[in-house]
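Quick note: numbers below take in every heavy atom, side chains included, and nothing from hydrogens, waters or symmetry partners.
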Amino acid sequence: MNNAQRIKKVVIAGGGTAGWMAGAAIAKMLQKNVEVVLVESDDIGTVGVGEATIPTLHIFHRLLGLKEAEVMAATNATFKLGISFENWHDINKNYLHSFGYLGKDCWACGFQHFWLKGRQRGIAEDIGAYCPEHLAAREGRFAVLPNQDLNHAYHLDASLYAKYLRQLAEQHGLTRIEGKIATVKQHANGDIAGLTLQSGEEIDGDLFIDCTGFKALLIEQTLNTGFEDWSHWLPCDSAVAVQTKSIAPPIAYTRSIAREAGWQWRIPLQSRVGNGLVYCSKYLSDDAAIKCITDNVEGEMLTQPRLIKFRTGTRRKHWHKNCVAIGLSAGFLEPLESTSIHLIQRSIIRLLQMFPAQGIQSADVDEFNHQTEVELLNIRDFIILHYKVTERSDTPFWRYCRDMDVPESLAHRIALFKQSGKVYKFAQELFGESSWIQVMLGQGLKPEQYHPIVDAMSDSELESFLQQIQANVQRSVAKYPLHNDFIQHYCKATAM
């Protein structure tokens with residue numbers, strides 16, 4: 001495929017978080033080169049539960065020149081330092097996956113090896129004691145301080161975030177067209193030629209971005225790109241979401257609470273809490289899921305429970321012909337590690353880096369799809385890890401997860417860590433070594449060995465080394481105010 005036609009007009013099909021993130025970025029960065037049009041209908045709702053993010057969102061905001069406090073105030077946002085996983089390892093066993101780095105590494109091995117020997121000798125605390133973000137989350141402290149910024153992300157209102165980005169996009173020349181897409185027109189070679197709305201209006205374009213959600217109207221219903229199903233590794237296929245009033249100051253982490261056949265999320269915003277249950281319909285009925293979530297929320301319900309059906313997996317190609325799928329149209333990985341907005345952002349930045357201004361070339365398309373695949377497979381494996389490595393056997397769902405086969409790539413990581421405590425991060429991989437270590441240890445995976453270079457330290461030297469790191473972490477965190485106090489000073493919500 002070599003389409004030499006110059007790209008003069010980009011058409012985004014669908015709004016929501018994906019559509020308006022794409023619209024804002026393309027309109028701002030390429031406003032002198034292309035016309036940008038976004039088509040959406042006010043009558044079509046969005047999934048809109050992707051309210052927890054990870055620190056990579058800072059990259060997108062810097063690209064757009066956004067001010068953190070302004071975005072947070074406009075989106076009812078709070079800070080996020082990690083995710084608390086409750087009942088995942090086993091019932092009543094909890095751990096925190098924080099965004100920080102653990103201790104101090106050396107040239108030969110990571111900090112976990114020093115910690116492992118320390119635990120054997122009874123001179124090491126829980127591994128989170130050696131990470132500022134971990135301790136700050138536990139103590140409910142946060143601030144943005146000069147030269148001492150904690151690695152952080154956000155809890156935000158996805159609908160307000162889309163609204164905020166819409167204003168930015170339109171300031172940079174994007175044209176929004178209201179209407180429902182009735183048909184998709186194609187050229188003789190199969191490329192998309194344009195969209196016909198129910199009103200009869202026709203919108204032509206050169207490059208189309210599919211942000212139509214699970215419908216995947218362009219990438220799948222029109223172009224028949226194909227779907228790779230991962231539900232045998234990630235069996236949850238349903239969710240029920242509900243919003244509740246806040247009854248306490250917001251905490252600085254997301255809660256993920258394992259239930260009978262899935263898990264419950266709690267995402268604290270400034271004025272409300274986002275709640276939901278991700279579950280497998282094979283093991284839990286929709287009615288039972290609704291009862292489970294309504295029985296396990298705190299505060300008055302602001303909305304009625306809303307059912308969402310999905311299938312975990314990915315399009316075989318995220319860029320096919322002259323169409324790029326972004327967001328739910330590209331596939332779905334459940335929001336266990338809050339990667340949905342990250343994947344939207346990565347696709348947008350990757351497209352901008354490879355933007356086919358002079359015409360679509362096969363090499364660009366292939367490279368885009370290859371990079372996307374590599375990143376997705378690593379995220380997929382990280383999420384599967386939470387289900388596979390567990391000691392839970394109390395329900396059929398958890399027995400299935402514990403006993404299922406996993407991708408060879410993940411099986412190798414698990415075996416490597418169990419045998420030697422080693423973890424490696426590869427190019428284009430989202431989650432770093434500290435993330436893998438925290439989750440594997442938290443899920444109950446204990447290495448059989450530590451690196452022998454640690455034995456160069458005497459026990460007293462190792463104890464001093466660990467105590468010094470812990471003391472530095474405690475001194476650092478003690479400087480931060482309470483999380484909610486800082487929010488009220490720094491980014492109090494302007495919209496509720």
Identify which one of Phe114, Phe465, Phe111 satisfies the ring pair (Phe, Tyr, Trp, His ring centres under 6.0 Å) criterion when paired with Tyr130. Phe111

Distance from Asn76 atom CG to Leu269 atom CG, nearest 0.5 Å? 5.0 Å

Pair Arg413 + Glu429: basic N to acidic O under 4.0 Å: yes

Glu375-Gln371 side chain donor-acceptor pair, cut-off 3.5 Å: no

Verdict with reasoning, Ser256 to Trp265, per side-chain contact (heavy atoms from CB on, under 4.5 Å): CA-CA 5 Å; Ser256 172; Trp265 76 76; 5.9 Å; no

Let me see the working for Tyr450 and Trp115 under ring pair (Phe, Tyr, Trp, His ring centres under 6.0 Å), right down to the final yes or no. CA-CA 9 Å; Tyr450 59 80; Trp115 178 82; over 10 Å; no

Residue pair Pro481 / Phe486: nearest heavy atoms and the distance that separates them: CG-CB, 4.0 Å

So, Ser329 side chain and Ala325 main chain: donor-acceptor pair closer than 3.5 Å or not? no

Are there over 12 heavy-atom neighbours, none belonging to Gln428, within less than 6.0 Å of that residue's CD? yes

Could you go through the ring pair (Phe, Tyr, Trp, His ring centres under 6.0 Å) check for His412 and Phe417 one step at a time? CA-CA 9 Å; His412 168 71; Phe417 186 74; over 10 Å; no

What's the shortest heavy-atom distance between Ala52 and Ile267, and which atoms? CB-CD1, 3.8 Å

With no hydrogens and no angle check, is any side-chain donor or acceptor of Arg141 less than 3.5 Å from a backbone partner on Tyr480? yes

What about Tyr161 and Trp20, are their ring centers closer than 6.0 Å? no

Begin from the C-alpha positions of Arg392 and Asp90 and carry the test salt bridge (charged side-chain N to carboxylate O under 4.0 Å, His left out) through to its verdict. CA-CA 5 Å; Arg392 288 195 63 163; Asp90 207 344; 5.0 Å; no

Does any N or O in the side chain of Glu300 come within less than 3.5 Å of the main-chain N or O of Thr244, such that one atom is a donor and the other an acceptor? no

Please check this pair: side chain of Thr78 against backbone of Pro250, looking for a donor-acceptor N/O pair closer than 3.5 Å. no

Donor-acceptor contact below 3.5 Å, side chain Ser458 vs main chain Glu461: yes

Between Trp398 and Thr390, is a side-chain contact (heavy atoms from CB on, under 4.5 Å) present by the stated rule, with each step listed? CA-CA 8 Å; Trp398 289 107; Thr390 180; 4.3 Å; yes

Assess whether side-chain hydrogen bond (donor to acceptor under 3.5 Å, both in side chains) is satisfied between Tyr279 and Asp286, documenting all intermediate values. CA-CA 9 Å; Tyr279 62 99; Asp286 293 344; 2.7 Å; yes

Backbone N/O of Val374 and side chain of Asn378: donor-acceptor pair under 3.5 Å: yes

Could you check whether atom NE2 of His489 has more than 12 heavy atoms from other residues, nucleotides or ligands sitting under 6.0 Å from it? no

Are Ile384 and Leu234 close enough that some pair of their side-chain heavy atoms sits under 4.5 Å apart? yes

Tell me yes or no: between the side chains of Lys425 and Ser435, is some donor less than 3.5 Å from an acceptor? no

Please check if any side-chain donor atom of Ser285 sits under 3.5 Å from a side-chain acceptor atom of Asp287, or the reverse. no

In terms of relative ring orientation, are Tyr283 and Tyr400 parallel, tilted or perpendicular, with 30° and 60° separating the classes? tilted

Evaluate side-chain contact (heavy atoms from CB on, under 4.5 Å) for Thr314 paired with His318, printing each intermediate quantity in order. CA-CA 8 Å; Thr314 182; His318 285 219; 2.7 Å; yes

Answer yes or no: is there a donor N or O on one side and an acceptor on the other, between the side chain of Gln264 and the main chain of Asn296, under 3.5 Å? yes

Lys422 bridged to Glu433 by N-O distance under 4.0 Å: no

After noting the C-alpha distance and the side-chain angles of Glu86 and Arg266, does the key distance pass the salt bridge (charged side-chain N to carboxylate O under 4.0 Å, His left out) rule? CA-CA 12 Å; Glu86 305 168 25; Arg266 285 185 185 168; over 6 Å; no

Can you see which heavy atom on Ile469 is nearest to which on Gly103, and at what distance? CG2-CA, 4.0 Å

Are any side-chain N or O atoms of Gln270 and backbone N or O atoms of Ala77, one a donor and one an acceptor, separated by less than 3.5 Å? yes

Is it the case that the side chains of Asp157 and Thr75 hold a donor-acceptor pair, with the cut-off being a distance below 3.5 Å and no angle test? no

Residues Leu333, Trp230; criterion side-chain contact (heavy atoms from CB on, under 4.5 Å); working and verdict: CA-CA 9 Å; Leu333 282 172; Trp230 291 340; 3.7 Å; yes

So, do Phe85 and His386 have ring centers that fall under 6.0 Å from each other? yes

Test side-chain hydrogen bond (donor to acceptor under 3.5 Å, both in side chains) applied to Thr254 and His155, step by step: CA-CA 8 Å; Thr254 304; His155 303 118; 2.8 Å; yes

To the nearest 0.5 Å, what is the distance between CG on Leu150 and OG on Ser476? 6.5 Å

Taking Ser246 for its side chain and Ala248 for its backbone only, find out whether a donor-acceptor pair lies under 3.5 Å. no

Audit row: His134, Gln438, side-chain hydrogen bond (donor to acceptor under 3.5 Å, both in side chains) steps and yes/no: CA-CA 10 Å; His134 195 287; Gln438 289 178 85; 4.7 Å; no

For the residue pair His89 and Gly442, what are the closest heavy atoms and their distance? CB-O, 3.2 Å

Is it true that, when you exclude Gln304 itself, more than 12 heavy atoms of the residues, nucleotides or ligands shown sit nearer than 6.0 Å to its CD? no

Glu228/Arg311 salt bridge by N-O under 4.0 Å criterion: no

Apply ring pair (Phe, Tyr, Trp, His ring centres under 6.0 Å) to Phe99 and list each qualifying residue two or more places apart in sequence or on a separate chain. none

Ion pair Asp394/Arg399, N-O distance below 4.0 Å: no

Donor-acceptor pair, side chain of Asn87 and main chain of Asn92, under 3.5 angstrom: yes

By ring pair (Phe, Tyr, Trp, His ring centres under 6.0 Å) - contacts of Tyr154 (at least two apart): His58, His152

I need the minimum non-hydrogen distance between Gly327 and Ile344, along with the two atoms involved. CA-CG1, 3.8 Å

For the rings on Phe431 and Trp436, is their centre-to-centre separation under 6.0 Å? no

Thinking salt bridges, do Asp403 and Lys388 make one under a 4.0 Å N-O criterion? no

Work out which heavy atom in Ala136 is nearest to a heavy atom in Leu81; give both atom names and the distance. CB-CD1, 3.8 Å

